[in-house]
There are 2 protein chains.
Amino acid sequence: MRALTPKGAATRQRIVEGAAKLIRDHGPANVGLDDIRAATTTSKSQLFHYFPDGKADMLLAVAAHEAELVLAEQEPYLSDLTSWSQWEAWRDRVIARYAAQRRRCPLSALTAQLGLADPAVEGIITGMYTRWHRHVADGVRAVRPDADAERVATQIIGAIAGGATMLVATDDIRYLEIGLTDAIESLRNA
Amino acid sequence: MRALTPKGAATRQRIVEGAAKLIRDHGPANVGLDDIRAATTTSKSQLFHYFPDGKADMLLAVAAHEAELVLAEQEPYLSDLTSWSQWEAWRDRVIARYAAQRRRCPLSALTAQLGLADPAVEGIITGMYTRWHRHVADGVRAVRPDADAERVATQIIGAIAGGATMLVATDDIRYLEIGLTDAIESLRNA
DNA sequence: CATGGATTGGACTACGCGGTCCAAAATGCC
DNA sequence: GGCATTTTGGACCGCGTAGTCCAATCCATG
């Protein structure tokens, strides 16, 4: 995997994105290598050429890709929570995003499938949450310099995680709406 | 399954509990029928005798069993959130319980494995959350008759769900501690 | 144009595991 | 005690699917 020509890199990318979409649509448990092969017009040997350790290796790349997306889709707001209007725009974006995907949460599905035992998976997930947390904490410091930014960020990230979990479990978006809205509101009235 | 002698009922129970423990310890994906068979000293035919529809049927029974446990372990507090000291005792119980189980959340693992598509699974999960929500809302009405009990309950359940999710994802209990504590605190200061 | 490495195709293998089956033993019932 | 029903044992089957292998082809570089 050290020498990767542009063509090879493109193929690898095509596999990751194709697999990600497939998994998003059908769930990781219902997607086999043959499905991915068919959806990405590749051959078995290509799959194992670019992911020598097999399926787990591939799912790992998919997970990293999805984790990246989660944060990317919150931009440009997440990196610039410097005013209340930015906070509100961010909140709306987050809620809209989850409302759109409904129960299909790629990350929770993937981590459940891969298992947190794998340190590589764990690294991806904790890394994502760390970055997310830091962005939010930075935002808190920007609008409420006297607040305990770490604690508030923990509360807010927790509210989102809970909202997402309840959305998956019960198909009810209100947990996210209420949790996130109230958390921001209580910060505003601090 | 209509006629079940005491002996049969006992065997069935043994299977469910054994499978539940096994799944709690190793994750649903890593437990096969043979493992369950070995752990419960039963034979293949018994498994299919008591769960004619196979593994899915069995996991369903396990999920129902675990869902029951989640609520049962919050008693006697959950059903009697009529004073702030009861609220605090309940909160401590919930936090202690999750702190003890750490990343092994039986419910999230099971639902992820079974998939929300199955209406039977969905029924178990939503049923559990509905009861949980109702208990909390009753508690809110008891200590803050003027509050919007439904909204507060949504917020609190969401905080717990988020704390549990983050605990599984990052092995960090603070999301639950802070989320639940702050939610109750904000109710108290309402 | 020659050569070696990257890339691709697709048939083939291995096997874990869910599920089936039938016969034997235990149990309940009159 | 005898008949019906439930309970149990465990060998066996079949399928889905991850993973292997080797040959063919593309492509960069000298």
Side-chain angles (χ1 to χ4, degrees), chain A residues 1-20 22-23 25-63 109-110 113-115 117-118 120-121, chain B residues 1-20 22-23 25-63 109-110 113-115 117-118 120-121:
Chain A
M1 193 82 59
R2 34 257 93 219
L4 255 208
T5 70
K7 191 179 183 184
T11 301
R12 200 191 125 100
Q13 184 73 3
R14 180 159 41 97
I15 292 173
V16 169
E17 285 174 4
L22 226 47
I23 287 171
D25 290 348
H26 304 100
N30 305 317
V31 174
L33 293 187
D34 277 340
D35 301 316
I36 297 172
R37 202 184 44 65
T40 58
T41 54
T42 50
S43 67
K44 219 51 172 306
S45 73
Q46 283 172 291
L47 263 40
F48 283 86
H49 181 68
Y50 294 107
F51 304 95
D53 290 346
K55 193 181 189 182
D57 203 357
M58 235 189 59
L59 291 185
L60 202 65
V62 171
L110 235 13
Q113 176 75 3
L114 288 168
D118 188 337
V121 179
Chain B
M1 194 79 62
R2 49 252 97 202
L4 253 207
T5 70
K7 191 179 183 183
T11 300
R12 199 190 126 102
Q13 184 72 2
R14 180 160 40 97
I15 292 172
V16 170
E17 286 176 3
L22 225 48
I23 288 171
D25 291 348
H26 304 101
N30 306 316
V31 174
L33 292 186
D34 276 341
D35 301 315
I36 297 172
R37 202 183 44 65
T40 59
T41 55
T42 49
S43 68
K44 217 57 171 302
S45 73
Q46 282 173 291
L47 263 39
F48 283 86
H49 180 67
Y50 295 106
F51 303 96
D53 290 346
K55 192 181 189 181
D57 202 356
M58 235 189 57
L59 291 185
L60 202 66
V62 171
L110 270 173
Q113 176 74 4
L114 288 167
D118 187 338
V121 179

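Everything numeric in this text was worked out from a predicted model, so none of it was measured. A, B, ... follow the sequence lines: proteins, then strands. Residue 1 opens every chain.
Whole-Å rounding puts the Ile15(A) CD1 to dG9(C) C1' distance at 13 Å. dT17(D) atom C1' lies 8 Å from atom NZ of Lys55(A), rounded to whole Å. The distance between atom CG of Leu47(A) and atom P of dT17(D), rounded to the nearest whole Å, is 14 Å. Leu59(B) places its CG atom 12 Å from the C1' atom of dG18(C), with the value rounded to the nearest Å.
Of the residues in residues 26-36 of chain B, none lies under 4.0 Å from DNA chain D by heavy-atom distance.
The shortest heavy-atom contact between Thr42(B) and Thr11(B) is CG2-CG2, 4.2 Å.
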Name the pairs: protein N/O against N/O of nucleotides 8-12 of chain D, kept only if under 3.5 Å.
| unit_1 | atom_1 | unit_2 | atom_2 | d |
| --- | --- | --- | --- | --- |
| dT8(D) | OP1 | Thr11(B) | OG1 | 3.1 |
| dT8(D) | OP2 | Thr11(B) | OG1 | 3.2 |
| dT8(D) | OP2 | Gln46(B) | NE2 | 2.9 |
| dT8(D) | OP2 | Tyr50(B) | OH | 2.9 |
| dT8(D) | O5' | Gln46(B) | NE2 | 2.7 |
| dG9(D) | OP2 | Gln46(B) | OE1 | 2.7 |
| dG9(D) | N7 | Ser43(B) | OG | 3.2 |
| dG9(D) | N7 | Ser45(B) | OG | 2.4 |
| dG9(D) | O6 | Ser45(B) | OG | 3.3 |
| dG10(D) | O6 | Ser45(B) | N | 3.1 |

Derivation and outcome, side-chain contact (heavy atoms from CB on, under 4.5 Å), residues Val121(A) and Leu59(A): CA-CA 9 Å; Val121(A) 179; Leu59(A) 291 185; over 6 Å; no
Intermediate values then yes/no, side-chain contact (heavy atoms from CB on, under 4.5 Å), Asp34(A) and Arg37(A): CA-CA 5 Å; Asp34(A) 277 340; Arg37(A) 202 184 44 65; 3.3 Å; yes
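Looking at Phe48(A) and Leu33(A), their side chains come closer than 4.5 Å, going by heavy atoms from C-beta outward. Within the 4.5 Å cutoff, the side chain of Tyr50(B) has no heavy atoms near those of the Met58(B) side chain.
If you check dG19(D), dT6(D), dT7(C) against the side chain of Thr5(A), the one that comes closest is dT7(C).
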